[in-house]
Asker: 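Take this structure first; my questions come after.
Reckoned from all heavy atoms, side chains included, excluding hydrogens, waters and symmetry mates. In what follows, chains are A, B, ... by sequence order, proteins preceding strands, each numbered from 1.
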Amino acid sequence: MTTEIRSNADGLEFKQFGKRYRKVDGDDKVTGQAVFGADFTAKGSLFAKIVRSPYAHARIVSIDTSEAEAMAGVEAVCTAADFPSDVAGDVDTGEVEIGIQFLANLIMGRRKALFEGHPVAAVAATDIHIAEEAARRIKIEWEVLPAVTDPIEAMAQDAPLLHEGLIATSLSGSADAPSNIAGHMEGGKGDVEKGFEESDVVVERTYRTALVHQGYLEPEAETVHWHADGRIEVWANSQGSFPLRQNMSNLLGVDVSKIKVMPLEVGGAFGAKNTPRVTPIAAILSQKAGKPVKIVLTREEVLKATGPASGAVVTVKMGATKDGVLKAAQSRLVFGAGGFPGSPVLRGMQTIFACYQPENSKVDAYDVVTNAPRVAAYRAPGATVATFCGESTLDDLAREIGMDPIDFRIKNASKTGDSNVDDEEYARIGIVQMLETVKASDEYNRPVKASKNGFPVGRGVGIGWWPCGIEISSARIMVNHDGGVDVTIGAVDLHGVRTGTAQVAAETLGIEPEEVYVHTADTEGIPYTGNAAGSRITRTLSQAVYKAGVSVIDQMKAKMAVRFGVDAEFVEYEGGNFYARDNQDSKVSFKEAGSLVTKNGSNIVATASNDPGMRAANGYAMAVADVEVDPDTGKVQLTDFTLFQDVGKCVNPTQVESQMQGGAVQGIGWALSEEYVYDDQGLMRNASFLDYRMPTALDLPMINTVILEEPADDGAFGIRGVGEPPIVPPPAAIGNAISDAVGVRMGRLPMSPERVFEAMKDSSK
Amino acid sequence: MPNFDYEAPTSLMSALELLAQPGENRPLAGGTDVIDQLKSNRRNADLVVDLKRIPELLNIESNGSGLHVGSAVSCTEVHNFTTEKGGFAALAESTELVGSVHIQNRGSVGGNVCNAAPSADTIPSLLIHEAVAHTASASGEREIPLIDFFAGPGQTVLEKGEILKELVLPTPSANTASAYLRFIPRNEMDIAVAGVGSLIEVDPSTNLVTKARIALASVAPTPVRAYAAEEFLEGTKIDADAIDKTADLAVGSAVPITDVRGSAEYRKELIRVLTRRTLTICLERLA
Ligand SMILES: Cc1cc2nc3c(=O)[nH]c(=O)nc-3n(C[C@H](O)[C@H](O)[C@H](O)COP(=O)(O)OP(=O)(O)OC[C@H]3O[C@@H](n4cnc5c(N)ncnc54)[C@H](O)[C@@H]3O)c2cc1C
């Protein structure tokens, strides 16, 4: 067992929490029974292929679909001309936002393609091979334009302009001429210049990171049936059925109530599947053909044309006194957004110094459009890159003033009630406690294992912050005739929500999780529930389930009161039994009571949503990484890795541990091997899992996990967000470990062998 | 992927007849290269001829004339056979590197050779062990030293309708050791940024190298031999200095390109490192 729960601050004890309750959807998934997007084919379905731009930046001169349309088996062809042109309303794409007009143009390119793989047409046919052939026969005349994929080059005045009408906005107003800079945000406090003057040591570094992809196992796969009577059914592969329904409504100009979204199992999303990509295309094709249309993307399409995470260029400058006071911290973050504005640079700005309280701070954040796929959320969007840059600089600063890197962090750590660069005040946090736990841990103090190859070894740490999100989650609890309990939720289950919800419901109702059956409903089956994003589902949904559960108990008390012949206020529920207060012998178990009261025609049902005013519970995680570095090739091998995370209250250690391990591994891939490689035409050179390198099991040591519990302020159980924080610190910890091993500071992600080799060569010059 | 016909003949003769027919006809062994190439439209086929039911092509044995590897024998079988019999350490190592366990169970050494990727992992090992390709077609058989088998990336000297029947490797002397190492950024499921196979035969009485073979992967349009390095080493007393010099000379035989997998400069550096390391392993094996 790798998980240990090392603290339990408030002594909050729950009977059903902290237990390794078995994943309720696990059996179906490991035996291949679960139905994912690609497994589902509607009766009479057509199969569609999207025609994509072969260029990173090109004007569409003309599109001729006639030859494709004439092919036997082809039943519908669409281009942007078939989509509503004046779309309105808000769209909800989770933590990384996009304007609706931009989203419409992203889904189906109009006039111009802004990245390689940008959809410009689509074909639906009776089988996928016909659709592929027809897609090849769509003739597009292009005027190829110069492309720019690097965000710094894109900011230059003479850079190719992506959007003629894009005017940067900032605190000081709007720019006077269009550029690729979509926005400039600022934050901070005090006077950094003064802070640097008061510092004994100032360190300044610039970092560059590449675009990376979430690498979810399941490519986007969706079916849409636009019925002749105007109803639209969607078999979805999305993180949020309700946001998808709203987005479809706004993009297609169809009433929300006419659209039904049925979530299928989702094979990974990590933020990317908050953004609709293929659903509106399938809808338009279905409308034209009068039949259901299924679209399944290939891995190449996923890599080239879904939403990766931003590549960035970040400069960090930090100054401190010899005795370890962080006098000033400054950063300029430039994030590439891809073809349309809206990178998560604001989140980078909020997270880069979040764990600390520099006396003076200044952060400038630039959102820049580039000829790359429009980015989407990826697990703590913006934070991983920002933290790599901030924690690398901080580590060098600690070394230069001669202070233990964790002591330096503790001395300057943020505490409850402090505020961030954007003036957001922190609810209850335990950063100092986490730092102290790590400082005292064996993982941090034992000697780094010597390399059996005789290579240099090193250890590094990094701490990362993620505020986590908040949205509405809804749940309904219904008692069945046998006294068992159905819990219906609107949240798409990406990460064990059904299992955790069974435990929360059992805890609330005083029964066992085995007596609770949790189902994910479609949009007709439950009130609104937001995206499964922002690490917020367990936190918000547990409150909704708690509220519904309290109502169920009240309703049952009222019914049992009639049986006991007493007023409801004299009925007690304790230890899983109802009884009349003055008659201990009247005990009836929940199950029996449920059966008794529902058999005579009464319903016990309660629906609830979480409190809309609920605050996000900040999350943070810290990594300790050990590496060995091949001095001849630059290859870094991770030899030991432990992630510490404060989860507030751990519902299910197995699930928490797998979130921590999964997130850590994605962070490790980001650190060491994953990157989009573009040529000078803006074309992606490595759009396959051969050359886009995610770590395999053989690349990783066991990812050890240590769960800390400093309960969050509000919510029903002190639960914090769990899913996102683990991805944040690994690149920082690994960069610091490399520096410890071979004395070079890596300024690039990924820290791939050739880059480390080059850095070592440069430093020995 | 356009439609194609599929045949799985059970005799060599009928396979050769099928392949001699007009059209684009492709042999299929494990299919780990060709199926992906067909699916992704990088290669076309009118007819795919499965070779896995032809007994001659599934045979592996060692006899007086050396090690005979039928062209459709899987990497796993070659690995197990050479590990058990000994003598071909580099081949045993390289067949265990290809892809993953699943790929090794399916993919053949013959397919690796005929696919002719400059990065193919088994080819340097076959080259240093002086493999000869025995081919067959409807019009007869040929024997081609493996070094002459490759015409460019993905291209061999095989003619239309001609297949690789088997690879024959002479049995090395007892004073011979070989080793193969590749460099990949990950630890498996990756493609060699550079690979080096080295073989040395050392006269135990004089400690002089009597034979040296060094072959390189991923640093030229085809797998190549590092002749200058081999010549230098033959007749030399092998020690750390000699190994360093040999490694420098091996770099001279590398004419790599820069691509997403590595720059030309880095690949040359890797050739130096891998040559040094494989020769060091050979020495340890001889000790
Ligand atoms: C996930 C994955 C990982 C891989 N990893 C590696 C790796 O690490 N190292 C490596 O070198 N390769 C790797 N490969 C490539 C491939 O597995 C090997 O090249 C394998 O040895 C090919 O053998 P096969 O039997 O599957 O060939 P096939 O795909 O059946 O054939 C390959 C080619 O040779 C031709 N051919 C096959 N047999 C004959 C014959 N007898 N005569 C004439 N032509 C013939 C076919 O027509 C085809 O053009 C990998 C492939 C995959 C899918």
Side-chain angles (χ1 to χ4, degrees), chain A residues 49 127-133 135-136 210 298-301 453-455 630-639 668-669 671-679 683-701 750-761, chain B residues 1-4 32-33 36-42 44 96-103 117 119 181-196 218 243-244 247 251 256-278 280-281:
Chain A
K49 186 76 192 165
D127 79 45
I128 188 62
H129 303 290
I130 297 174
E132 280 171 9
E133 182 53 33
R136 276 192 285 274
T298 64
R299 183 61 61 185
E300 184 182 350
E301 288 178 293
N453 300 310
F455 295 163
D630 182 335
D632 298 328
T633 66
K635 182 168 170 173
V636 175
Q637 180 64 50
L638 201 55
T639 53
I668 291 164
L672 292 175
S673 57
E674 295 182 37
E675 70 177 309
Y676 275 46
V677 180
Y678 283 105
D679 66 13
L683 304 180
M684 186 181 181
R685 304 311 307 175
N686 61 333
S688 80
F689 275 162
L690 173 56
D691 286 313
Y692 180 86
R693 291 191 173 79
M694 298 179 72
T696 71
L698 286 191
D699 300 309
L700 300 162
M751 299 174 280
S752 51
E754 187 167 357
R755 294 225 174 94
V756 176
F757 174 79
E758 288 296 328
M760 290 191 298
K761 210 168 70 183
Chain B
M1 173 180 55
N3 289 342
F4 54 80
T32 59
D33 279 314
D36 186 48
Q37 289 161 357
L38 292 171
K39 279 182 91 168
S40 58
N41 296 309
R42 278 178 291 146
N44 286 323
E96 205 192 11
L97 286 180
V98 172
S100 60
V101 170
H102 326 68
I103 297 291
S119 59
L181 286 177
R182 66 172 179 180
F183 181 81
I184 54 173
R186 280 190 294 217
N187 293 333
E188 68 157 5
M189 293 300 261
D190 217 330
I191 190 163
V193 182
V196 176
S218 278
I243 287 180
D244 281 349
V251 173
I257 54 164
T258 293
D259 65 13
V260 295
R261 292 173 188 148
S263 70
E265 279 315 301
Y266 185 55
R267 286 189 151 117
K268 286 186 180 175
E269 195 52 43
L270 291 173
I271 292 297
R272 188 191 321 278
V273 174
L274 297 176
T275 305
R276 215 165 52 212
R277 290 184 182 174
T278 46
T280 308
I281 295 170

Asker: Under 4.5 Å heavy-atom distance to chain B, tell me which part of T633(A) shows up: side chain, backbone, both or neither.
Answerer: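 Contact with chain B is through both the backbone and side chain of T633(A).
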Asker: For chain A, which candidate among N41(B), D190(B), D259(B) shows the most heavy-atom pairs at distances under 4.5 Å?
Answerer: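 Looking at each of N41(B), D190(B), D259(B) in turn, D190(B) comes out on top.
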Asker: Please look at L270(B) and chain A and tell me whether the side chain, the backbone, both or neither of the residue comes under 4.5 angstrom of a heavy atom of that chain.
Answerer: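 Contact with chain A is through the side chain of L270(B) alone.
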Asker: Pick whichever of T298(A), V677(A), L690(A) has the most heavy-atom pairs under 4.5 Å with chain B.
Answerer: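 Counting heavy-atom pairs under 4.5 Å, the top option is L690(A).
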Asker: Run the side chain to side chain contact (heavy atoms under 4.5 Å, CB included) test on M189(B) and F689(A) for me, step by step, so that the C-alpha distance in whole Å, both residues' side-chain angles and the decisive distance to 0.1 Å come before the verdict.
Answerer: CA-CA 10 Å; M189(B) 293 300 261; F689(A) 275 162; over 6 Å; no
Asker: Select one option (side chain, backbone, both, neither) describing which atoms of E132(A) are under 4.5 Å from chain B's heavy atoms.
Answerer: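 The side chain, not the backbone.
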Asker: At what distance, to the nearest 0.5 angstrom, does CG of N187(B) lie from NZ of K635(A)?
Answerer: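 It comes to 4.0 Å.
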Asker: Check R186(B) against R693(A) and note the closest heavy-atom contact, atom names and distance.
Answerer: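 For R186(B) and R693(A), the tightest heavy-atom pair comes out as NH1-CA, 3.4 Å.
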Asker: Any chance you could measure D632(A), atom CG, to E269(B), atom CD, to the nearest 0.5 Å?
Answerer: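 Reported value, rounded in 0.5 Å steps: 8.0 Å.
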Asker: Checking R272(B) against chain A: side chain, backbone, both or neither under 4.5 Å from a heavy atom?
Answerer: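 For R272(B), there is no contact with chain A at all, as no heavy atom is under 4.5 Å.
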Asker: Could you pull out the closest heavy-atom pair between R685(A) and V260(B), with the gap in Å?
Answerer: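 Nearest heavy atoms, R685(A) then V260(B): CB-CG1, 3.1 Å.
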Asker: Between R136(A) and chain B, with a heavy-atom cut-off of 4.5 Å, which part of the residue counts as in contact: side chain, backbone, both or neither?
Answerer: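 For R136(A), the contact with chain B is made by the side chain alone.
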Asker: Relative to chain B, which segment of Q637(A) carries a heavy atom at a distance below 4.5 Å: side chain, backbone, both, or neither?
Answerer: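 Just its side chain gets close to chain B.
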Asker: For D699(A), is it the side chain, the backbone, both or neither that has a heavy atom under 4.5 Å from a heavy atom of chain B?
Answerer: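 Interface part for D699(A): both.
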Asker: Would you find a donor on one side and an acceptor on the other, under 3.5 Å apart, between the side chain of R261(B) and the backbone of D691(A)?
Answerer: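 Between the backbone of D691(A) and the side chain of R261(B) there is no qualifying donor-acceptor contact (under 3.5 Å).
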Asker: Is there a donor-acceptor contact under 3.5 Å from the side chain of E754(A) to the main chain of S263(B)?
Answerer: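 Yes, because the side chain of E754(A) sits within donor-acceptor range (under 3.5 Å) of the backbone of S263(B).
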Asker: In chain order, what residues pass the side-chain hydrogen bond (donor to acceptor under 3.5 Å, both in side chains) check against N44(B), with sequence neighbours excluded?
Answerer: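 For N44(B) there are no side-chain hydrogen bond (donor to acceptor under 3.5 Å, both in side chains) partners, ignoring immediate neighbours.
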Asker: Run the side-chain contact (heavy atoms from CB on, under 4.5 Å) test against I103(B) and tell me which residues pass, sequence neighbours left out.
Answerer: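 T32(B), V98(B), S100(B).
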Asker: Measure N3(B) against the heavy atoms of chain A and call it side chain, backbone, both or neither at under 4.5 Å.
Answerer: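 Neither part, no heavy atoms under 4.5 Å.
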Asker: Considering only heavy atoms, which portion of D679(A) lies under 4.5 Å from any heavy atom of chain B: side chain, backbone, both, or neither?
Answerer: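 Neither part, no heavy atoms under 4.5 Å.
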